A.B. asks: 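Got a structure for you, questions after.
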Amino acid sequence: MPFDSLQTPAEPHTADRSLHVLVLDDEPDIREVLSTLLTRQKMQVHHAESLRAARALAQERPIDIAVIDLKLPDGNGLEIARELSLREPAVPCIVLAGQPTFDDLAEAMRAGACDYLAKPFTVDQLNQCVDRAIQRRRDSRRLAGRVQRLRRVCRKLNKARLETTQQVDVLCNDLVSAYHELADRFKHVQMTSRYQAAIEPELSLEQLLHHTLDFILQQVGSTNAAIFLPGQESGFTTSGYVNYTFDKDAASIILPQLAEHVAPQIVQQEEELVHLRSDEEIDTFLEGEMANLDGSHVVTLACRHDDETLAGICLFRDADQPFDVDELEALAGIAPILARQLVRVIRVHHRLDFDDDE
């Protein structure tokens with residue numbers, strides 16, 4: 001008999017009732033003794049005499065602690081010790097050995113064994129090993145539970161991080177859009193301020209139109225441009241122009257046509273700015289009266305003050321050089337400023353006092 005005593009301890013072990021213990025030994029007597037002692041400690045004991053039987057038991061039910069003999073009929077008990085140690089949480093294994101060498105013990109530790117018993121062993125030695133194994137199992141369960149909670153917290157944190165990142169991305173995109181919009185508005189204000197500063201001191205009608213055409217060319221580049229003012233009768237006259245495409249003789253023909261056909265349409269249009277981008281749009285706008293504008297992009301501006309059109313501007317150039325959004329916005333900003341300056345020029349030249357309501 002490998003035990004020096006089979007007496008039950010005075011105080012029964014306080015281990016959990018649910019603990020399942022695997023006893024793996026090829027000697028029936030040892031299995032019986034271990035079973036008796038562990039059952040008295042309120043543990044559920046499962047016997048196996050070979051590696052094959054132990055693996056079958058481990059597949060059928062959870063194993064909390066294993067007491068394993070090194071030498072078995074079908075192999076080394078450390079094989080099952082390695083397999084059990086890989087579980088989550090790891091199963092503490094107590095290794096039984098007749099005359100263990102240092103190499104045997106080192107190999108057992110590498111295999112995941114937490115303790116060993118040399119045969120023959122006492123009840124106290126067995127109880128101490130089991131106590132250590134139970135504490136290790138509890139610690140492993142506690143650690144595994146903590147890891148599971150941390151994983152759940154990490155998943156929640158990661159989800160919150162993703163949601164926050166998405167919200168920050170949306171906010172950043174909104175801020176970028178707002179910044180670009182603000183920059184565009186600031187650029188527009190700078191442009192209109194420069195134009196207003198350039199023409200504000202100018203009370204000569206001829207110089208006013210000259211500065212306006214120069215400023216238009218600075219904003220949109222090379223283009224044909226004409227400014228129309230109301231004539232003595234009901235028509236309009238061309239009071240300023242820039243000839244970019246046509247020679248002098250062609251310009252002398254097209255400018256009167258523009259004054260006759262384009263200027264009245266500028267007065268009648270509801271929008272201050274009209275952008276015509278095709279021959280069909282031009283023919284519809286001018287009722288087919290200006291074939292010379294075919295193949296062009298045309299922009300018309302109505303310079304209004306108190307709902308009265310004081311001047312009209314027409315720009316056109318080849319469709320291969322269309323007017324872009326920034327250029328159209330710059331032209332739209334020029335029209336009301338020119339209208340206000342024309343009112344000042346009229347007031348100064350005619351020495352009339354206008355009521356603010358007129």
Side-chain angles (χ1 to χ4, degrees), residues 1-3 6 13-123 125-148 151:
M1 182 67 62
F3 298 96
L6 286 178
H13 201 282
T14 58
D16 297 336
R17 292 177 179 271
S18 59
L19 287 178
H20 292 259
V21 182
L22 170 64
V23 175
L24 174 56
D25 198 301
D26 61 336
E27 297 182 35
D29 292 343
I30 294 182
R31 292 201 303 271
E32 182 179 352
V33 171
L34 289 173
S35 177
T36 301
L37 292 174
L38 295 173
T39 301
R40 289 175 182 176
Q41 296 185 21
K42 299 179 181 179
M43 298 183 187
Q44 298 186 38
V45 182
H46 308 282
H47 302 276
E49 70 283 354
S50 65
L51 290 176
R52 181 177 180 181
R55 290 191 177 101
L57 285 172
Q59 291 293 329
E60 293 174 0
R61 58 184 55 81
I63 300 298
D64 298 301
I65 299 173
V67 181
I68 300 171
D69 189 15
L70 288 181
K71 296 180 180 181
L72 298 168
D74 55 350
N76 192 313
L78 294 181
E79 295 182 28
I80 193 69
R82 291 189 185 92
E83 297 171 13
L84 293 175
S85 68
L86 295 176
R87 296 196 175 191
E88 184 182 356
V91 177
C93 298
I94 302 171
V95 173
L96 301 178
Q99 295 295 328
T101 65
F102 178 81
D103 292 339
D104 291 335
L105 297 178
E107 182 65 22
M109 295 300 106
R110 284 194 291 268
C114 67
D115 217 332
Y116 73 95
L117 278 173
K119 299 178 182 179
F121 50 83
T122 66
V123 173
Q125 289 174 333
L126 175 63
N127 287 336
Q128 291 174 6
C129 287
V130 171
D131 284 343
R132 288 193 293 267
I134 291 173
Q135 188 59 47
R136 180 164 180 163
R137 182 61 173 174
R138 287 173 175 171
D139 292 343
S140 296
R141 281 181 170 177
R142 191 180 301 112
L143 179 60
R146 190 173 300 171
V147 169
Q148 289 296 330
R151 285 178 177 173

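Predicted, not measured: the structure shown is a model, and the values here were computed from it. In what follows, every heavy atom counts, from backbone to side chain, and hydrogens, waters and symmetry copies are set aside. Just so you know, residue 1 is the first one in the sequence shown, and it goes up from there.
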A.B. asks: Show me, pair by pair, the donor-acceptor contacts under 3.5 angstrom made by side chains of residues 46-54, not counting sequence neighbours?
C.D. replies:
residue: His46; atom: NE2; partner: His20; partner atom: ND1; Å: 2.9
residue: His47; atom: NE2; partner: Ser35; partner atom: OG; Å: 3.2
residue: Ser50; atom: OG; partner: Ala53; partner atom: N; Å: 3.2

A.B. asks: Would you call Leu96 and Leu34 a side-chain contact if the rule is heavy atoms closer than 4.5 Å?
C.D. replies: yes
A.B. asks: Where do Ile68 and Cys93 come nearest, in terms of heavy atoms and distance?
C.D. replies: CD1-SG, 4.0 Å
A.B. asks: Which value, rounded to the nearest 0.5 Å, describes the distance between Arg136 atom CZ and Ile94 atom CD1?
C.D. replies: 10.5 Å
A.B. asks: Return the CG to CG distance between Asp69 and Leu117, rounded to the nearest 0.5 Å.
C.D. replies: 11.0 Å
A.B. asks: Kindly give the heavy-atom pair with the smallest separation between Met109 and Cys114, and that separation in Å.
C.D. replies: CE-C, 4.4 Å
A.B. asks: Would you say that Val130 contacts Met43 through its side chain, given a criterion of any heavy-atom pair below 4.5 Å between the two side chains?
C.D. replies: yes
A.B. asks: Supply the atom-to-atom distance Asp26 CG to Lys71 NZ, rounded to the nearest 0.5 angstrom.
C.D. replies: 10.5 Å
A.B. asks: Regarding Arg142 and Asp139, does a basic nitrogen lie under 4.0 Å from an acidic carboxylate oxygen?
C.D. replies: yes
A.B. asks: Let me confirm one number: the CG-CD1 distance from Leu78 to Ile80, rounded to the nearest 0.5 Å.
C.D. replies: 11.0 Å
A.B. asks: Taking C-beta and beyond as the side chain, do Tyr116 and Leu70 meet within less than 4.5 Å on heavy atoms?
C.D. replies: no
A.B. asks: According to side chain to side chain donor-acceptor pair (under 3.5 Å), does anything in residues 106-115 pair up with another residue at least two apart or in another chain? List the pairs.
C.D. replies: Arg82-Glu107, Glu107-Arg110, Asp115-Arg132
A.B. asks: Return the set of residues passing side chain to side chain contact (heavy atoms under 4.5 Å, CB included) with Glu27 (not counting sequence neighbours), or none when no residue passes.
C.D. replies: Asp25, Ile30, Lys119
A.B. asks: Mind checking the CG-CD1 spacing from Leu38 to Ile65? Nearest 0.5 Å is all I need.
C.D. replies: 8.0 Å
A.B. asks: So, for Arg137 and Ile63, which heavy atoms are closest and what is the spacing to 0.1 Å?
C.D. replies: NH2-O, 3.6 Å
A.B. asks: Can you tell me if Glu32 has over 12 outside heavy atoms packed within less than 6.0 Å of its CD?
C.D. replies: no
A.B. asks: Can you tell me how far apart CG (Leu24) and CG (Leu57) are? Round to the nearest 0.5 Å.
C.D. replies: 9.0 Å
